[in-house]
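All remarks here apply to the structure that follows.
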Amino acid sequence: MKNRNKIIVRTSIIGIFGNIGLVIIKFIVGLIASSVSIIMDAVNNLSDALSSVITIVGTKLSQKKPDAEHPYGHGRIEYVTSLAIGIIILVAGGLAIYESIMSIINNQQPKFEIYSMILIAVAVLVKIALGLYFRHVGKKVNSEALKGSGVDALFDALLSFGTLVSIVVWLITDGAVVIEGYIGAVIGLFMIRSGVIVLKNSLSSIIGERTSKETSEAIKHLVCQNKDVLGAYDLIVNNYGPDRGIGSIHIEVDDKLTAKDIHPLTRNIANEIYQKFGIIMTIGIYASNSSDSNIAKIRDAIRKEISNHPTIKQMHGFYCNKKAKSISFDVIADFADKSASETIAEIKRNLRKQFPEYSFFVVEDKDFSD
């Protein structure tokens, strides 16, 4: 945790100094050349520096310890900072489009020199390096803010490249062709698209996303490595920051196990999951008595019935109480099935016809994870 936060802060500081250096150079060149595209490029770099400051502030705030008002910690603040960065990108893109259009309307004539081309070319390379570095570190430490800044920096490099092209065209045609306004407007549109993507990813994290298939499968594989575990189901992980999770999972065990057997089993599983994934996991229990041949036949008949309903993705937690003449199990319905309750009711009706002596208790689980 501490190492991750240090990496984010260090990377953001590099971004701040890099962008401030570019801002100074571009403002000077832009003012001398009376170039709206270079000046707007400088403003855009200033917004990048601000984004890095926001990332540092968000990272520091996310480290605050849990309190009575926020018992799950403050890790989600990082998602909010990423949201702010997305807004900054949108504003910068909109401003670039506006100023570019105004320069076209006013027929603004820049005055470029060779040194302008050289400095902007260097700026392009610096922004590409910063963008790739931010994106690499963002993926490495799972920081949406850094990944968003990386995407923004790469689009900035594209913007600067567009400015470079306009300078080259101006120099080649001896000022007869001025295209910087058009290039600035087009690149501004790309920046807005980038901002929308960053906002979408940030909002998705804030709302709450499905646990990745890789993580779900890895957790279930770890759980099922225990010899007493017959199956793992109902995995739910609530994300309270990039590396903070609280979740639950049900494991199926033989109904002959006692509480003395189950206690160390669940403790060990929870500890293993926390050590490997950083997730605080609650372990629930499904008892299995399918070793009885008659009960196994009933279970197989239920599975066959379930297979006739393609929107039911899974059946688990099966238990047959022969003495009470009751059968219980859970089913997972596809989110696309808008009439899952009717499907389950039909399953129960069909099963009662096959096993009229039994009562059926079917619980509909949600498809929270793979």
Side-chain angles (χ1 to χ4, degrees), residues 204 207-224 226 228-239 245-257 262 265-266 269 279 281-370:
S204 183
I207 293 170
E209 296 177 309
R210 184 185 187 88
T211 305
S212 70
K213 183 177 181 180
E214 293 76 16
T215 300
S216 297
E217 291 179 347
I219 291 174
K220 290 181 179 179
H221 176 72
L222 184 150
V223 171
C224 290
N226 293 272
D228 290 321
V229 176
L230 304 177
Y233 311 98
D234 304 330
L235 174 64
I236 299 174
V237 177
N238 295 305
N239 192 321
I246 297 176
S248 62
I249 191 170
H250 278 93
I251 60 172
E252 188 174 27
V253 300
D254 194 290
D255 67 346
K256 295 182 179 63
L257 292 183
I262 293 172
L265 174 64
T266 55
I269 290 174
I279 299 171
M281 191 69 71
T282 299
I283 315 295
I285 300 295
Y286 285 133
S288 173
N289 60 350
S290 298
S291 57
D292 183 300
S293 60
N294 292 326
I295 292 177
K297 289 180 181 179
I298 297 175
R299 180 200 60 199
D300 293 341
I302 293 175
R303 284 179 174 169
K304 185 176 180 181
E305 171 62 29
I306 294 292
S307 68
N308 294 327
H309 303 272
T311 59
I312 302 299
K313 303 181 70 173
Q314 187 187 84
M315 184 271 283
H316 60 264
F318 169 83
Y319 191 80
C320 177
N321 189 326
K322 295 176 73 174
K323 185 177 181 180
K325 293 297 182 181
S326 66
I327 294 173
S328 61
F329 59 89
D330 296 0
V331 295
I332 294 179
D334 194 308
F335 278 116
D337 187 356
K338 303 304 180 182
S339 57
S341 57
E342 296 176 13
T343 303
I344 293 172
E346 182 182 349
I347 290 172
K348 291 173 68 175
R349 286 195 299 269
N350 294 339
L351 290 176
R352 288 195 192 101
K353 293 177 182 178
Q354 296 183 58
F355 308 100
E357 70 276 21
Y358 281 96
S359 298
F360 288 89
F361 300 91
V362 184
V363 176
E364 178 190 351
D365 280 341
K366 295 298 181 182
D367 187 20
F368 289 112
S369 61
D370 293 287

Exercise for the section: Report the C-alpha distance between N226 and I251 in whole Å, list the side-chain angles of each, state the deciding distance to 0.1 Å, and finish with yes or no for side-chain contact (heavy atoms from CB on, under 4.5 Å). Expected result: CA-CA 10 Å; N226 293 272; I251 60 172; over 6 Å; no
Handout entry: side-chain contact (heavy atoms from CB on, under 4.5 Å) between I262 and I283, intermediate numbers included
Key = CA-CA 10 Å; I262 293 172; I283 315 295; over 6 Å; no
Exercise for the section: Using atom types as modelled and distance alone, determine if a side-chain donor or acceptor of D228 lies under 3.5 Å from a backbone N or O of V253. Expected result: no
Completion exercise
In terms of heavy-atom contacts, C320 and I298 come closest through SG-CD1, 4.4 Å
Exercise for the section: Any chance you could measure I219, atom CD1, to E214, atom CD, to the nearest 0.5 Å? Expected result: 11.5 Å
Practice task
Could you tell me whether a side-chain N or O of D254 sits under 3.5 Å from a main-chain N or O of K256, the two making a donor and an acceptor?
Solution key: yes
Handout entry: Non-hydrogen atoms of A333 and E364 that approach each other most closely
Key = CB-OE2, 4.1 Å
Exercise for the section: Give the C-alpha distance, both sets of side-chain angles, the deciding distance and a yes or no for side-chain contact (heavy atoms from CB on, under 4.5 Å) between V229 and I269. Expected result: CA-CA 10 Å; V229 176; I269 290 174; 3.9 Å; yes
Handout entry: Inter-residue atom distance I312.CD1 - D367.CG, 0.5 Å rounding
Key = 10.5 Å
Exercise for the section: Please test K322 against N294 for side-chain contact (heavy atoms from CB on, under 4.5 Å), starting from the C-alpha separation and ending with a verdict. Expected result: CA-CA 10 Å; K322 295 176 73 174; N294 292 326; 4.3 Å; yes
Problem - Reported CD-to-CD1 distance for the pair E346 and I344, which is rounded to 0.5 angstrom - result: 11.5 Å
Exercise for the section: Quick one: closest heavy-atom pair of M281 and S248, and the distance? Expected result: SD-N, 3.2 Å
Practice task
Report the distance from atom CD1 of I236 to atom CD1 of I246, rounding to the nearest 0.5 Å.
Solution key: 13.0 Å
Handout entry: Reported CE-to-NE2 distance for the pair M315 and H309, which is rounded to 0.5 angstrom
Key = 12.5 Å
Practice task
Look at the side chain of N321 and the backbone N and O of A324, then say whether any donor-acceptor pair between them is shorter than 3.5 Å.
Solution key: yes
Handout entry: pair D330-Y233: side-chain heavy atoms closer than 4.5 Å
Key = no
Handout entry: Shortest non-hydrogen separation from L235 to V237 and the atoms involved
Key = CD1-CG2, 4.0 Å
Practice task
Would you check if there is a donor-acceptor pair between the side chains of H316 and D365 at a distance under 3.5 Å?
Solution key: yes
Practice task
Spell out, as yes or no, whether a donor-acceptor pair under 3.5 Å connects the side chain of N350 to the backbone of I347.
Solution key: no
Practice task
Look up atom CG in D234 and atom CD in Q314, then write down how far apart they are to the nearest 0.5 Å.
Solution key: 7.5 Å
Handout entry: Under 3.5 Å: donor-acceptor pair, side chain of S307, backbone of K304
Key = yes
Could you list the donor-acceptor pairs under 3.5 angstrom formed by side chains in residues 352-363, with sequence neighbours left out?
none

Fill in the blank from the handout: When every non-hydrogen atom of S369 is compared with those of K220, the smallest separation belongs to OG-NZ, 4.3 Å
